[in-house]
Amino acid sequence: MSLTQSSQSLLKVLHLAGSRVSNFYYDLSMIYAKEVVQPPGVSSYYAIVNPDGFWQLGMSLDSRSEKISLQEMMARLPQIDLVVPHMFCFPGMTSFRAFFEDILGLPMVGSPCYCTALATNKAHTKSVVSAAGVRVAKGQEVRRGDRITLETPLIVKPNSEDNSLGLTLVSREDRISEALEVGFEHDEVLLVEEYIPGRELRVGVIEHKGELWVAPTIEYLVTEKNPVRMVQDKLERRSDGTPYRQSKNSPVKLVCPADVTPELFEKVADAAKKAHIALGCRDYSLYDFRVHAQTHEPYLLEAGLFWSFGKISVISRMLEADAQNIEEVILDLWHTAAQRNPVARGSSIVRHTRRTVFPDRNSTI
């Protein structure tokens with residue numbers, strides 16, 4: 001899977017980061033953009049959008065320009081082969097991707113905007129993957145004034161938020177109203193779903209040469225005291241609520257690779273591939289599963305169509321657990337994406353759900 005600088009011309013990559021929505025999402029984006037791997041043979045450039053709407057450009061995050069308008073940012077952009085997104089807010093996952101890929105015509109690595117728009121809607125995601133044969137928890141979209149039809153215990157969470165913002169595990173009916181109010185602080189639509197007791201796994205899918213490879217899974221070791229991951233288990237935040245790094249002291253520890261049986265791995269891998277195809281994903285995708293404590297069946301909870309290509313990124317950790325050379329995998333994926341025609345995106349991607357062999361590896365899945 002190796003691509004060397006001698007065999008490929010210098011790849012000019014634009015790293016797109018920041019947020020127009022809030023300081024929270026701006027800081028979250030910068031946490032990951034700072035950690036991006038810089039493979040040999042790549043020339044990096046950065047375009048950062050600030051919450052005030054102004055942009056900054058530079059060869060690195062430490063040498064950014066003064067704040068400039070969108071029009072001036074576009075005029076100053078150098079020649080670019082590929083856009084690598086590091087934005088996690090809703091517009092960053094949707095509108096900004098569409099602008100750079102569809103309007104400016106720049107190839108972008110990762111799923112197209114119509115796919116990420118679908119995946120940011122948790123209820124719609126569940127409907128689509130369920131129709132494709134993937135098991136999901138019973139759920140209900142809720143707006144203010146709606147009656148909850150599910151019995152406790154249940155999960156209440158904003159339908160289009162991430163990082164467990166506004167999420168509550170409700171064990172008693174008299175706590176439902178309080179959980180709804182917490183959720184409505186973050187979104188006008190909530191997803192209420194049955195709570196699946198058991199293990200929590202994260203599963204990654206990577207496309208290569210028209211085939212799908214499922215990486216070693218990650219397990220978050222939830223406990224009776226900490227049965228779900230909350231925002232503090234994912235991010236450490238300042239007094240104003242903005243994040244400054246991944247959580248280092250969470251009681252819910254991460255293990256990679258997870259200790260799963262071949263049967264369970266086959267189940268989650270098959271479900272992840274089906275979800276990847278059903279949602280129209282491209283290049284890579286990521287999914288959260290709960291494995292029921294009694295039935296041992298996996299339930300897909302959410303899709304996360306992001307990889308910031310840093311060593312702290314979840315998919316990078318999965319590759320590392322499989323002894324893959326992260327720089328080579330990233331460079332190969334970037335070169336493939338850069339050769340894609342944005343106008344005809346996705347038309348040449350061949351997807352398979354059969355077992356595949358990851359390049360340069362002997363094991364099959």
Side-chain angles (χ1 to χ4, degrees), residues 19-29 31 51 87-95 116-127 130 136-198 200 220 222-244 246-247 249-252 287-290 299-304 306:
S19 176
R20 185 69 178 85
V21 170
S22 66
N23 289 327
F24 177 93
Y25 276 110
Y26 175 88
D27 289 346
L28 180 64
S29 176
I31 288 172
M87 300 178 70
F88 304 101
C89 58
F90 186 82
M93 292 292 292
T94 56
S95 306
T116 52
L118 171 60
T120 53
N121 187 310
K122 295 179 175 63
H124 291 177
T125 296
K126 290 179 61 175
S127 296
S130 177
V136 299
K138 294 178 182 178
Q140 176 187 1
E141 282 188 78
V142 175
R143 294 169 175 77
R144 288 190 180 275
D146 290 347
R147 186 176 68 87
I148 306 302
T149 59
L150 298 174
E151 296 182 356
T152 57
L154 49 80
I155 296 288
V156 176
K157 55 188 175 184
N159 192 44
S160 297
E161 271 289 2
D162 201 6
N163 291 293
S164 297
L165 291 171
L167 181 146
T168 306
L169 170 58
V170 182
S171 300
R172 297 177 1 212
E173 286 192 18
D174 61 353
R175 296 295 178 87
I176 292 178
S177 296
E178 178 183 352
L180 293 176
E181 287 306 313
V182 171
F184 282 129
E185 292 177 3
H186 299 271
D187 201 341
E188 295 179 354
V189 180
L190 306 182
L191 178 60
V192 178
E193 58 187 8
E194 64 174 337
Y195 168 65
I196 306 297
E200 183 163 327
Y220 296 100
V222 294
T223 64
E224 185 175 350
K225 185 177 181 180
N226 300 97
V228 295
R229 291 195 303 143
M230 306 301 291
V231 63
Q232 63 268 21
D233 297 312
K234 302 177 181 181
L235 300 167
E236 293 188 19
R237 297 190 288 176
R238 305 179 185 90
S239 58
D240 63 358
T242 57
Y244 64 94
Q246 288 182 324
S247 178
N249 301 306
S250 169
V252 181
Y287 305 95
D288 290 333
F289 286 86
R290 294 286 290 205
Y299 290 73
L300 190 148
L301 301 181
E302 299 177 12
F306 35 72

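Considering only residues two or more places apart in sequence or on other chains, I196 meets the side-chain contact (heavy atoms from CB on, under 4.5 Å) condition with A137, E194, R290, H292, Y299. Looking at residues two or more places apart in sequence or on another chain, you find a side-chain hydrogen bond (donor to acceptor under 3.5 Å, both in side chains) between R172 and D174. Shown here are the salt bridge (charged side-chain N to carboxylate O under 4.0 Å, His left out) partners of R144, two or more places apart in sequence or in another chain: E181. Partners of Y220 under the side-chain contact (heavy atoms from CB on, under 4.5 Å) rule, at least two apart in sequence or in another chain, are E200, R202, I218, R229, V252, L254, V314. With sequence neighbours excluded, the residues satisfying side-chain contact (heavy atoms from CB on, under 4.5 Å) with V170 are T152, L154, V156, T168, R175, I176, A179. E193 meets the salt bridge (charged side-chain N to carboxylate O under 4.0 Å, His left out) test with K126, K157; sequence neighbours excluded.
Tested against E141, the residues D146, V192, N159 include a single side chain to side chain contact (heavy atoms under 4.5 Å, CB included) partner, N159.
Atom NE2 of H186 and atom CD of E161 lie 6.5 Å apart (nearest 0.5 Å). Atom-to-atom distance recorded for L28:CG and I31:CD1 is 5.5 Å, nearest 0.5 angstrom. To the nearest 0.5 Å, atoms OG (S130) and NZ (K138) are separated by 12.0 Å.
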Original post:
Taking it one step at a time, do R238 and D27 satisfy side-chain contact (heavy atoms from CB on, under 4.5 Å)?
Top reply: CA-CA 11 Å; R238 305 179 185 90; D27 289 346; 3.0 Å; yes
Original post:
Which is it for Y26 and R20 under the side-chain contact (heavy atoms from CB on, under 4.5 Å) test, yes or no, and what are the steps along the way?
Top reply: CA-CA 7 Å; Y26 175 88; R20 185 69 178 85; over 6 Å; no
Subject >> Residue pair I148, V142: steps toward the side-chain contact (heavy atoms from CB on, under 4.5 Å) verdict >> reply: CA-CA 8 Å; I148 306 302; V142 175; 3.6 Å; yes
Subject >> Pair I155-L191, side-chain contact (heavy atoms from CB on, under 4.5 Å): steps then yes or no >> reply: CA-CA 8 Å; I155 296 288; L191 178 60; over 6 Å; no
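No donor-acceptor pair closer than 3.5 Å links the side chain of E151 to the backbone N or O of E173. At distances below 3.5 Å, at least one donor-acceptor pair connects side-chain atoms of T116 with backbone N or O atoms of M93.
Considering every non-hydrogen atom in both P158 and D187, the closest pair reads CB-CB, 3.6 Å. Residues G139 and L150 approach most closely at CA-CD1, 4.1 Å, considering heavy atoms.
A heavy-atom distance below 4.5 Å is not found between the side chains of M87 and F306. Inter-residue side-chain proximity for P227 and Y195 is flagged as met; some heavy-atom pair is nearer than 4.5 Å. Side-chain contact between E302 and T125 is absent, with no heavy atoms from C-beta onward closer than 4.5 Å. For the pair S29/S19, no side-chain contact is recorded, criterion being any heavy-atom separation below 4.5 Å from C-beta on. Under the 4.5 Å side-chain criterion, counting only non-hydrogen atoms from C-beta, L301 is not in contact with F289. Between L180 and L190 the shortest side-chain heavy-atom distance falls below 4.5 Å. The shortest distance between side-chain heavy atoms of V228 and L167 falls below 4.5 Å. Side chains of V21 and F90 form no contact here, defined as non-hydrogen atoms less than 4.5 Å apart.
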